[in-house]
There are 2 protein chains.
Amino acid sequence: MGPKYSSSRENYLKAIFHLQEIHGTVTTNHVAGELQTRPASVTDMLKKLKAQKLLLYEKYKGFKLNTEGRKVALQIIRKHRLWEFFLVEKLHFRWDEVHEIAEELEHISSKKLIDRLDEFLGFPKTDPHGDPIPDSQGRWTLTHQVDLLNLPVNLVAEVSGIGDQSAEILELLNHKHIALGTRLEVKKKFAFDNSLEIKIRNQSVTISEHVAKNVFVKYDE
Amino acid sequence: MGPKYSSSRENYLKAIFHLQEIHGTVTTNHVAGELQTRPASVTDMLKKLKAQKLLLYEKYKGFKLNTEGRKVALQIIRKHRLWEFFLVEKLHFRWDEVHEIAEELEHISSKKLIDRLDEFLGFPKTDPHGDPIPDSQGRWTLTHQVDLLNLPVNLVAEVSGIGDQSAEILELLNHKHIALGTRLEVKKKFAFDNSLEIKIRNQSVTISEHVAKNVFVKYDE
DNA sequence: TTAATTTTTTAGATTTGTCTAAAATTTATT
DNA sequence: AATAAATTTTAGACAAATCTAAAAAATTAA
Ligand SMILES: [Mn+2]
Ligand SMILES: [Mn+2]
Ligand SMILES: [Mn+2]
Ligand SMILES: [Mn+2]
């Protein structure tokens with residue numbers, strides 16, 4: 001048997017899942033923006049996902065995944081993140097190169113494949129961007145993290161996640177040698193533009209509010 | 001950019017490539033049989049592949065790939081066989097489990113991915129069924145092998161390839177402990193039904209003509 | 001509370017890949 | 001060579017996913 005849902009449907013499920021994590025409920029325009037498609041196409045797909053009993057949807061009223069839809073979405077996210085981990089750890093890709101490839105690999109249907117891959121990789125808990133990898137039952141361990149704007153000054157912390165994951169921000173972070181696991185300290189906050197001066201391996205680095213908002217760290221206590 | 005050709009088109013190219021290796025030129029029914037589809041669907045696709053300049057085709061006259069079509073087909077075969085190797089060597093799948101999964105993985109488009117995978121695997125020359133893996137330029141080294149029916153008696157040889165690769169024959173070979181690299185010797189040929197008695201690790205095993213025809217070996221001299 | 005604006009849905013097309021049934025062509029048989 | 005059988009192609013249909021333009025509904029502003 002082939003895949004249970006088409007790649008397109010899987011992409012919709014994943015996008016809706018992510019959007020409802022942020023906004024609680026999801027709108028047609030949200031999804032169209034996320035998937036670079038037209039609102040009319042989204043509406044078409046909503047009907048299909050509802051007919052397949054993956055989605056709670058009444059027209060003009062917004063929508064969200066039901067239990068089954070969430071379950072399916074989590075398995076796709078699991079595949080996406082395990083493949084990203086594989087690409088970085090085993091094939092030595094950079095973290096800003098893996099997303100697009102994983103966008104394709106996440107649609108490979110074999111469950112056995114993904115469980116074997118998980119084992120081969122040593123059951124990693126997070127992907128190369130610090131995002132948690134659901135286990136084969138769709139569970140994940142959530143880590144409590146704060147963004148850099150909310151990190152108290154003079155407190156050593158470790159980078160544990162990235163919000164916006166566009167190639168642009170990843171390139172900037174690469175340049176400033178900020179990666180997952182990097183230890184750093186906020187030395188100064190400028191009230192004028194909310195920019196920060198941080199210390200990384202004894203080097204002083206300045207980052208904008210926009211960047212700071214998208215870098216998450218964890219620290220003791 | 002996404003894939004250059006759809007999965008469907010890639011499957012046709014691969015099927016035509018294999019069939020023309022055997023028969024020189026290919027017919028509509030051949031392809032329909034190979035791809036489990038209808039002759040009318042094949043004709044439809046032939047027109048598209050011709051329009052894309054991958055195929056030499058005039059109606060009612062048979063067809064074959066042109067240089068470009070062959071090039072594309074070889075890259076898909078490369079991907080298929082590298083993924084099969086990965087599945088067996090790294091994820092410990094059996095050789096009779098990998099074909100279907102590789103049928104999906106072969107359509108992942110990233111060229112960089114497949115070249116990195118090749119490197120990660122140590123540039124293997126053959127897949128788990130003994131078939132050669134084309135390099136990134138589409139070249140492969142052909143090995144001269146004979147099937148078991150044509151192996152002289154009392155001559156130690158090594159299994160190097162399998163003809164028919166259905167799950168059924170692979171299961172039979174597994175059961176009789178015949179795998180790639182197995183060393184064996186034909187001890188007796190029965191003229192009555194062309195069955196063979198062969199010696200594997202000092203054990204005597206009998207195989208039918210049908211099996212013998214599909215087991216290829218190489219030997220010195 | 002109307003009116004204007006934005007969002008969402010519908011109606012109708014288009015593209016890709018597939019199918020069945022019928023027609024055209026080639027191949028095999030008498 | 002004529003006929004029968006097999007193969008291949010065409011004609012016309014359908015499902016999936018997408019789009020544009022227009023209509024409907026909801027939201028915001030006056
Ligand atoms: Mn995807
Ligand atoms: Mn990621
Ligand atoms: Mn395939
Ligand atoms: Mn193989």
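In what follows, chains are A, B, ... by sequence order, proteins preceding strands, each numbered from 1.
In this structure, the nucleotide among D/dA24, D/dT9, C/dT18 sitting nearest to the side chain of B/K59 is D/dT9. When the nucleotides D/dT10, D/dT9, C/dT9 are ranked by their closest atom to the side chain of A/P39, C/dT9 comes out on top.
Residue B/K47 places at least one side-chain N or O closer than 4.0 Å to OP1 or OP2 of D/dT10. When the side-chain nitrogen and oxygen atoms of A/S8 are compared with OP1 and OP2 of D/dT18, one or more of them lie within a distance under 4.0 Å. Between B/T43 and the phosphate of D/dT10, there is no side-chain N or O to OP1/OP2 separation shorter than 4.0 Å.
Residue pairs meeting the salt bridge (charged side-chain N to carboxylate O under 4.0 Å, His left out) criterion with at least one partner in residues 11-26 of chain B, sequence neighbours excluded, are B/K14-B/E103, B/K14-B/E106.
At whole-Å resolution of the value, CD in B/E58 and C1' in C/dA24 are 17 Å apart. Between the OH atom of B/Y60 and the P atom of D/dA6 there is a distance of 17 Å, given to the nearest Å.
When heavy atoms are screened at a 4.0 angstrom cut-off, B/F63 is found touching no nucleic acid atom at all. Counting non-hydrogen atoms under 4.0 angstrom, B/Y5 reaches nothing in the nucleic acid.
Heavy-atom neighbours of A/K111 NZ from other residues, nucleotides or ligands within 6.0 Å: above the threshold of 12.
A residue-by-residue look at B/K61 and A/M45 shows that B/K61 has its nearest nucleotide of DNA chain D further toward the 5' end.
The two atoms that bring B/Y12 and B/T37 nearest to each other are OH-CG2, 3.8 Å, heavy atoms only.
Listed by residue number, B/T27, B/T28, B/N29 are the residues of residues 23-35 of chain B with a heavy-atom contact under 4.0 Å to DNA chain D.
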Name the pairs: protein N/O against N/O of nucleotides 19-22 of chain D, kept only if under 3.5 Å.
from, atom 1, to, atom 2, distance (Å)
D/dC19, OP2, A/T37, OG1, 2.7
D/dC19, OP2, A/R38, N, 3.3
D/dC19, OP2, A/S41, OG, 2.5
D/dC19, N4, A/D44, OD2, 3.1
D/dT20, OP2, A/R38, NE, 3.1

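Ring orientation note: the planes of A/H30 and A/H23 are close to parallel, at an angle under 30° on the 30°/60° scale. Note: A/W140 and A/F17 have perpendicular aromatic rings, judged against thresholds of 30 and 60 degrees for the angle between ring planes.
Contact check on B/D115 versus B/R78 returns a salt bridge, with a Lys/Arg side-chain nitrogen under 4.0 Å from an Asp/Glu carboxylate oxygen.
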